Amino acid sequence: MNANQILLDSRPEGLPTADNFKQTSVQLPAITKGEFLVKNLWMSVDPYMRGRMIDRESYIAPFQIGQVLEGGSIGEVIESNNPQFPIGTRVSAMHGWRSHYVTDGSEHTRLPNTPMSESHFLGVLGMPGMTAWTGLTRIAALKEGDTLFVSGAAGAVGSVVCQLGKLMGAKVVASVGSDEKAAYLRDLGVDAVINYQTTKDLSAALKQAAPQGIDVYFENVGGEHLTAALNNMNDHGRIAVCGMISQYNDTAPTPGPNNLGMIIIKKLKIEGFIVFEHWDHYPEFAKKMGQWLATGTVKAEQTIYQGLEQAPAAFIGLFEGKNRGKMLVKLD
């Protein structure tokens, strides 16, 4: 069987372009004992993948030129010599950016039978949702009555952070890059929304939205958002650093905030985290999130591109603000 795959053809400089990717077709080997053949149904594109396109040491190995990219995927077993994964089994893995592949099942998870779309296991029931829950509960220790500020608030992680913040009894202030995204978050019950694209002074806008100050900041963006948050944090505030997407495509070092002294003055706690280090708590999260989804307490927005060939455009779209909720590619 032939499998379509997308390779990293060159390392991006600044914002990635279509020229950095290359689609190829390869002949897959026949499955042997203990193996099975997977047809991918869904794949995820995520901002962290941009960091893996840089040849540097990090918490995860960089992508290599000429090799197939990888990322979260949901697939169906269509041929099997492994009794643990019979034909028809739906599986999650890190084998995105390809239409089919052969595996022995290592690092694959069987998905439960559920009336919900299996795509949610790449979003609100997967890494993004788990990241939101981990940042609020295990890193920032959000409490009822706190004021929570969320940047990148309409994205896969941020939109879940906003909803969980409301569930946990916080006042939620969000920052987004368009009026359409602002309206979306207001529909989710967010208390105040700032469109940073039309705001001349983000720090002043944040003070107006939260005159009582910020107790917890969920950091997804960096740059001027971190500066504004530091200016408005309350004493003993907590900052959970999930990402800094504003800097991922920079071609030169970005100057740091000029108000880092606020960390001392306000006795702040700032902690970066990688969700995979907290994955042993996933069953607890999945049980709660499954219930919230089933009852409609948490809503899962998705932006879907159709076809493997659209994966590069979907990925680039993350940095152009084209996603609302989770960005996914539905494979043919």
Side-chain angles (χ1 to χ4, degrees), residues 12 14-16 44-54 56-63 71-72 94 122-124 126-140 142 148-165 172-177 181 185 194 196 202 214 216-230 233 238-251 253-257 268-279 285 301 303 314-328:
L15 182 68
S44 173
V45 291
D46 300 280
Y48 81 88
M49 294 176 179
R50 178 62 182 87
R52 295 192 67 187
M53 294 177 182
I54 303 171
R56 66 182 178 191
E57 184 176 347
S58 185
Y59 65 90
I60 189 169
F63 294 130
M94 289 294 289
L122 295 176
V124 67
M127 182 183 67
M130 178 66 176
T131 299
W133 182 80
T134 299
L136 289 181
T137 62
R138 298 185 56 77
I139 306 300
L142 184 72
L148 166 68
F149 176 44
V150 187
S151 58
V157 174
S159 59
V160 180
V161 173
C162 289
Q163 294 181 78
L164 294 185
V172 179
V173 179
S175 173
V176 295
K181 290 181 178 179
L185 288 180
I194 300 167
Y196 71 87
L202 183 57
I214 303 298
V216 170
Y217 172 41
F218 198 104
E219 169 69 292
N220 288 312
V221 174
E224 65 174 338
H225 279 81
L226 180 55
T227 300
L230 290 172
M233 296 297 295
R238 293 90 69 201
I239 300 177
V241 183
C242 168
M244 293 192 175
I245 194 172
S246 70
Q247 301 174 24
Y248 291 174
N249 295 305
D250 288 349
T251 56
T254 303
L268 303 178
K269 174 186 175 182
I270 302 179
E271 184 175 349
F273 70 102
I274 304 298
V275 69
F276 297 116
E277 293 186 352
H278 301 266
W279 211 256
F285 158 76
E301 187 81 4
T303 300
F315 175 69
I316 295 167
L318 290 171
F319 304 99
E320 297 175 332
K322 292 185 176 179
N323 64 304
R324 201 172 79 174
K326 182 73 188 87
M327 182 74 92
L328 293 166

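A quick note: this is a predicted structure, and the numbers were derived from the prediction, not measured.
- The closest side-chain donor-acceptor pair between K326 and S44 falls under 3.5 angstrom.
- Minimum interatomic distance between V172 and C162 (heavy atoms only, all atoms of both residues): CG2-O, 3.8 Å.
- The line from CG of L15 to OG1 of T251 is 11.5 Å long, rounded to the nearest 0.5 Å.
- Of the possible polar contacts, one joining the S151 side chain to the N220 backbone as a donor-acceptor pair under 3.5 Å is found.
- Considering CG of D46 and CG of N323, their distance stands at 10.0 Å, rounded to 0.5 Å.
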Check: Step by step, would you call L268 with L230 a side chain to side chain contact (heavy atoms under 4.5 Å, CB included)?
Finding: CA-CA 9 Å; L268 303 178; L230 290 172; 3.7 Å; yes
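- Between G135 and F218, the shortest heavy-atom contact is CA-CE1, 3.7 Å.
- Taken to the nearest 0.5 Å, the CD1 atom of I274 stands 7.0 Å off from the OG atom of S58.
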Check: When you look at T131 and F273, which way does the side chain to side chain contact (heavy atoms under 4.5 Å, CB included) test go after all the steps?
Finding: CA-CA 9 Å; T131 299; F273 70 102; 3.9 Å; yes
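- For E320, the CD atom counts as densely surrounded, since its 6.0 Å shell holds more than 12 non-hydrogen atoms of other residues, nucleotides or ligands.
- Smallest separation of non-hydrogen atoms from V160 and G129: CG1-CA, 4.3 Å.
- Here OH of Y48 is found 13.5 Å from CD1 of I245. Values are rounded to the nearest 0.5 Å.
- The shortest heavy-atom contact between A229 and Y217 is CB-CD2, 3.4 Å.
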Notebook entry, point to check: Which is it for F285 and T134 under the side chain to side chain contact (heavy atoms under 4.5 Å, CB included) test, yes or no, and what are the steps along the way?
Noted result: CA-CA 9 Å; F285 158 76; T134 299; over 6 Å; no
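- Donor-acceptor pairing under 3.5 Å is lacking for the side chains of H225 and S246.
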Next item on the list: Check the pair L148, L136 against side chain to side chain contact (heavy atoms under 4.5 Å, CB included), reporting the backbone distance first and the verdict last.
Entry: CA-CA 9 Å; L148 166 68; L136 289 181; 4.0 Å; yes
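- Inter-residue side-chain proximity for L226 and E219 is flagged as met; some heavy-atom pair is nearer than 4.5 Å.
- Tested against Y248, the residues M49, R50, M53 include a single side chain to side chain contact (heavy atoms under 4.5 Å, CB included) partner, R50.
- Within the model, atoms CZ of F63 and CZ of R52 stand 4.0 Å from one another, a figure rounded to the nearest 0.5 Å.
- Scanning both residues, L202 and A228, for their nearest heavy atoms gives CG-CB, 3.9 Å.
- The two residues P257 and T227 make their nearest non-hydrogen contact at CB-OG1, 3.4 Å.
- Put simply, CZ on F276 and CE on M130 are 10.0 Å apart, with the number rounded to the nearest 0.5 Å.
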